[in-house]
Asker: 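Encoded as structure tokens, here's the structure I'll be asking about.
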Amino acid sequence: MSGLDLPQLDGYEVDRVPGFRADKEYLCPGCGNPIPPGAGHVVVWPCEQVDLRRHWHQHCWRLAVRRGRP
Ligand SMILES: [Zn+2]
């Protein structure tokens, strides 16, 4: 259910973070800009390496998947 409609990339897990659960600011590795608190976004991590999870704007993650790498 959580993976519904999320762009998937081989070797990575993706999950959605709804706005009500986004309680602090994150820096998106895709564009280098902040994701403000309260903004829905996605969290991505290499399979089996959940400690390497990063928070992405959803559109930035979609672009990363399109080019085939984070
Ligand atoms: Zn971004």
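Here the structure is a predicted model, which is why all the values come from computation and not from measurement. What you see below is based on every heavy atom in this structure, not just the backbone, and it leaves out hydrogens, waters and symmetry mates. First listed ligand is number 1; within each ligand, the first listed atom is number 1.
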Asker: Let me know which of His59, Arg66, Arg62 forms a side chain to side chain contact (heavy atoms under 4.5 Å, CB included) with Pro7.
Answerer: Arg62

Asker: Are His57 and His41, when compared by the centres of their aromatic rings, separated by less than 6.0 Å?
Answerer: no

Asker: Using links of under 4.5 Å between side-chain heavy atoms of ILVMFWY residues, direct or through other members, which residues join Val43 in one cluster?
Answerer: Val17, Trp45, Val50

Asker: Taking the Zn ion (ligand 1) as the center, what protein N, O or S atoms are found at less than 2.8 Å?
Answerer: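 Protein N/O/S atoms under 2.8 Å of the Zn ion (ligand 1): Cys28 SG, Cys31 SG, His57 ND1, Cys60 SG.
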
Asker: On a heavy-atom basis, which atom in Ala22 and which in Ala39 lie closest, and how many Å separate them?
Answerer: CB-O, 3.5 Å

Asker: Specify the closest pair of heavy atoms between Leu27 and Pro34, including all atoms of both residues, with the distance to one decimal.
Answerer: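 Looks like CD1-N, 3.8 Å.
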
Asker: Just wondering, are more than 12 heavy atoms of other shown residues or ligands nearer than 6.0 Å to CG in Asp10?
Answerer: no

